[in-house]
Protein chains: 4
Amino acid sequence: MTDTFHASKPIYFQLAERIQRQILRGELAPGDKLPSVREMGIQSSVNPNTVQRTYRELEGMNIVETKRGQGTFVTEDKTVLDVMRNSLKKEEISRFVTGMHQMGYTDREIESGLTDFLNSSREEPKQ
Amino acid sequence: MTDTFHASKPIYFQLAERIQRQILRGELAPGDKLPSVREMGIQSSVNPNTVQRTYRELEGMNIVETKRGQGTFVTEDKTVLDVMRNSLKKEEISRFVTGMHQMGYTDREIESGLTDFLNSSREEPKQ
Amino acid sequence: MTDTFHASKPIYFQLAERIQRQILRGELAPGDKLPSVREMGIQSSVNPNTVQRTYRELEGMNIVETKRGQGTFVTEDKTVLDVMRNSLKKEEISRFVTGMHQMGYTDREIESGLTDFLNSSREEPKQ
Amino acid sequence: MTDTFHASKPIYFQLAERIQRQILRGELAPGDKLPSVREMGIQSSVNPNTVQRTYRELEGMNIVETKRGQGTFVTEDKTVLDVMRNSLKKEEISRFVTGMHQMGYTDREIESGLTDFLNSSREEPKQ
DNA sequence: GTGGTCTAGACCACA
DNA sequence: GTGGTCTAGACCACT
C-alpha cells in the first residue's frame with residue numbers, strides 16, 4: 001500500500017490524483033464503485049470528511065458520479081475519461097520538463113534524449 | 001529545504017542524486033568544496049556515516065575528489081561532468097517513461113505529448 | 001438583517017445565492033471585498049467553515065476570486081457576471097413557473113397575467 | 001408536510017393562503033368540508049383561535065361558508081372561486097415581479113425571459 | 001448501510 | 001490579519 005502523503009500538497013488533492021491514476025491504469029473501470037468515504041478513510045488513514053472532499057472534487061471534474069445512499073462510481077462517460085487522460089498526461093509532462101529545466105537541461109536535450117531512450121528500449125525490449 | 005527522503009531507496013543514494021543535481025544546476029561549481037561530512041550530516045539531518053558513504057559513491061563515479069585533510073571537492077574534469085550529465089538525463093527520462101507506462105500511456109503518446117508541450121511553451125513562454 | 005435559513009436547502013447554498021443576489025442588486029460591486037470567512041460567519045451566525053464552503057462554491061463559478069492572505073473579492077470579469085445574471089434569472093423564472101403550475105395555472109394564464117401586470121404597473125407607476 | 005410559517009407575515013394569513021392554494025390545486029373541491037378548527041390546529045400545530053381567525057377571513061372573502069353545528073365548507077360559487085383564482089394569480093405575479101425588480105431585472109428582461117422559458121420547456125417537456 | 005451537511009477547534013501558509 | 005486544510009464527531013436524507 002502506498003498510503004503516504006507528501007506534506008506539500010493537500011491530502012484531498014493527492015488522493016484525487018491517486019484515484020485518477022488508478023482509473024487510467026484500469027484498476028478502476030468505468031462504472032466501478034469506489035470505496036465508501038468511511039472505508040476509504042480507514043484504508044488511507046484519513047478522515048472521512050477529507051475523503052468526501054476528494055470525491056466532491058472528482059465529481060466536479062465529472063470523473064465520478066455519486067448516488068445518494070448507494071455510493072460513488074467511476075463515470076461511464078468515455079469522453080470525460082479521455083479528457084482526463086489527456087490533461088493528466090500534460091500535467092505529468094509539465095512536471096517532468098520543469099524538473100529537467102531546473103537541472104539545466106535544454107528543450108533540445110530533453111527531446112533528443114527521450115527519442116533516443118524510446119528507440120533504444122524498442123531495440124532491446126527486455127531490461 | 002528539501003530535506004526529506006523517500007522510504008523506497010537508500011538515503012545515501014538519494015543524497016548522492018541530490019548533490020549531482022546541485023552540480024548540474026551550477027549550485028556547486030567544478031572545484032567547489034562540499035560541506036564536511038559532519039556539517040552535511042547536520043544540514044541533511046542524516047548520520048555522518050551515511051554522508052561518508054555518499055561521498056565514497058560519488059568519488060567512485062569520479063564526480064568528486066577527496067583530499068586528505070582538506071575536504072571533498074567537485075571534480076574539474078569536464079568529461080566526467082559531461083558523462084554524469086548524460087547518465088543523469090537518461091535516468092530521469094527512464095523514470096519518467098516508466099511512470100507514464102504504468103499509467104498506460106504509449107510511447108507515441110509520450111513522444112507527441114512532449115513535442116506538443118515544448119512547442120506550446122515556446123509560443124507563450126511566460127504565463 | 002435577513003439572516004435566517006430555510007431547512008430544506010443547505011446553508012452554504014443559500015448563502016451563495018444571497019451573495020449572488022447582492023451582486024446583482026449592486027450592493028456588492030465588481031472588485032469589492034467580501035467579509036472574511038470569520039466575519040461573515042458571525043454576521044450570518046454560521047460556522048466559518050460553512051462560509052468557506054460558500055466562498056469555494058462561488059469561486060468554482062468564477063463569481064469570486066480569493067487572494068491568499070488578502071481576502072475574497074467579487075470578480076471584475078463582466079462576462080461571468082452576465083452569465084450569472086442570466087442563469088439566476090432563469091432559475092427564478094423556473095421557480096415561479098413551477099409554483100404557478102402547482103397551483104393549477106396554465107402557461108397561457110401565466111404569460112397573459114404577467115403581461116397584464118406589467119402593463120398596468122406601467123400606467124400607474126406609483127404604488 | 002409544509003407546516004412551517006415565515007416570521008414576516010401573520011400566521012392566520014399564511015394559513016389562509018395555504019388553504020386557497022389547496023382549493024386551486026383541487027385538493028379541496030367546492031363543497032368540501034374543511035377540518036375542524038381543533039383538528040386543523042393540531043395538523044398545523046397552531047392555536048385553534050388562529051385557525052378560527054383564518055376561517056373568518058376566508059369567509060369574509062366568500063371563499064368558505066360556515067354552517068353552525070356542521071363545520072366550514074368550501075363555497076360552491078364558481079364566480080367567487082374564479083375571482084380568487086385571479087386575485088391569487090395577480091398576487092403571485094406581483095410578488096415575483098417585485099423580487100425580480102429587487103434583483104435589478106427590467107420588465108423587458110422578465111417578460112422575454114418568461115417567454116423563452118415557457119417555449120423551451122414546451123419543446124422538451126420532460127427532463 | 002450510503003453520501004451530505006454542519007460545527008468546533010486546531011494548525012498552516014501567505015502577506 | 002487573510003484563506004486553506006484537516007480532524008472528530010454529530011445529525012440528516014436516501015435506499
Side-chain angles (χ1 to χ4, degrees), chain A residues 3-20 23 28 31-76, chain B residues 1-4, chain C residues 3-20 23 28 31-76, chain D residues 1-4:
Chain A
D3 281 10
T4 357
F5 294 98
H6 306 300
S8 46
K9 289 181 227 163
I11 293 177
Y12 79 85
F13 187 83
Q14 298 178 53
L15 226 194
E17 280 191 319
R18 186 181 297 174
I19 292 169
Q20 290 187 57
I23 295 172
L28 283 172
D32 276 8
K33 183 179 176 302
L34 296 181
S36 81
V37 288
R38 299 181 231 282
E39 193 183 323
M40 176 68 95
I42 296 170
Q43 280 181 24
S44 312
S45 47
V46 147
N47 188 290
N49 283 324
T50 305
V51 178
Q52 215 215 336
R53 170 84 192 262
T54 299
Y55 285 6
R56 202 194 312 143
E57 298 286 330
L58 289 173
E59 194 177 20
M61 300 188 251
N62 292 316
I63 290 171
V64 127
E65 289 168 17
T66 80
K67 299 176 189 166
R68 283 264 236 165
Q70 300 188 54
T72 305
F73 300 82
V74 177
T75 184
E76 312 217 22
Chain B
M1 275 210 200
T2 322
D3 279 10
T4 359
Chain C
D3 281 9
T4 356
F5 294 97
H6 306 301
S8 45
K9 289 181 226 163
I11 294 177
Y12 79 87
F13 187 83
Q14 297 178 54
L15 227 194
E17 280 192 318
R18 185 182 297 173
I19 292 169
Q20 291 187 58
I23 295 172
L28 283 172
D32 275 9
K33 184 181 174 302
L34 296 181
S36 82
V37 287
R38 298 180 232 281
E39 193 183 323
M40 176 67 96
I42 296 169
Q43 280 180 26
S44 312
S45 46
V46 147
N47 188 289
N49 283 324
T50 305
V51 178
Q52 215 215 336
R53 170 82 192 263
T54 299
Y55 285 7
R56 201 194 311 145
E57 298 286 330
L58 290 173
E59 195 178 19
M61 300 188 251
N62 292 316
I63 291 171
V64 128
E65 289 168 16
T66 81
K67 299 176 189 167
R68 283 264 237 163
Q70 299 188 56
T72 304
F73 300 83
V74 178
T75 184
E76 312 218 22
Chain D
M1 269 201 206
T2 321
D3 280 9
T4 359

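Order of the sequence lines sets the chain letters (A, B, ...), proteins ahead of strands, with each chain counted from 1.
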Please confirm whether the shortest side-chain N or O distance from [X] to OP1 or OP2 of [N] is below 4.0 Å.
| X | N | answer |
| --- | --- | --- |
| C:Gln52 | F:dG3 | no |
| C:Arg53 | E:dT5 | yes |
| A:Thr50 | F:dC6 | no |
| C:Tyr12 | E:dT5 | yes |

Out of [options], which has the shortest distance to the side chain of [X]?
| X | options | answer |
| --- | --- | --- |
| A:Asn49 | E:dG9, E:dG3, E:dT5 | E:dT5 |
| C:Glu59 | F:dT2, F:dG4, E:dT5 | F:dG4 |
| C:Tyr55 | F:dC6, F:dG3, E:dG3 | F:dG3 |
| C:Arg68 | F:dT5, E:dT5, F:dG4 | F:dG4 |
| A:Thr66 | E:dC6, E:dG3, F:dC6 | E:dG3 |
| C:Val46 | E:dT7, F:dT5, F:dT7 | E:dT7 |

Side chain proximity check, [X] to [Y], heavy atoms < 4.5 angstrom:
| X | Y | value |
| --- | --- | --- |
| C:Met40 | C:Leu34 | no |
| C:Arg38 | C:Val51 | no |
| A:Ile19 | A:Thr54 | yes |
| A:Glu59 | A:Tyr55 | no |

Nucleotide [N], atom [atom2] - distance to [atom1] of [X] in whole Å:
| X | N | atom1 | atom2 | value |
| --- | --- | --- | --- | --- |
| A:Phe73 | E:dG3 | CZ | P | 8 Å |
| A:Leu34 | E:dG3 | CG | P | 9 Å |
| A:Ile11 | E:dA10 | CD1 | C1' | 14 Å |
| A:Glu65 | E:dG3 | CD | P | 14 Å |
| A:Arg38 | F:dC12 | CZ | P | 14 Å |
| C:Glu57 | E:dT5 | CD | C1' | 12 Å |
| A:Ile42 | E:dG1 | CD1 | P | 12 Å |
| C:Leu15 | E:dC6 | CG | C1' | 13 Å |

Which atoms form the tightest heavy-atom contact between C:Phe5 and C:Gln14, and what is the distance?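 Of all heavy-atom pairs spanning C:Phe5 and C:Gln14, the closest is CA-OE1, 3.5 Å.
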
Look up atom CZ in C:Arg56 and atom CD in A:Glu57, then write down how far apart they are to the nearest 0.5 Å.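 With rounding to 0.5 Å, CZ (C:Arg56) is 7.0 Å from CD (A:Glu57).
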
Within the structure shown, what part of the strands sits under 4.0 Å from A:Arg56 by heavy-atom distance: base, sugar-phosphate, or nothing?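 No contact.
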
With a 3.5 angstrom cut-off on both distances, give the Watson-Crick or G-U wobble partner of F:dC6, or none if there isn't one. E:dG9

Using the closest heavy atom to pick a nucleotide of DNA chain F for each, name whichever of A:Gln70 or A:Asn47 lands nearer the 5' end.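 Checking each residue's closest nucleotide, the 5'-ward one belongs to A:Asn47.
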
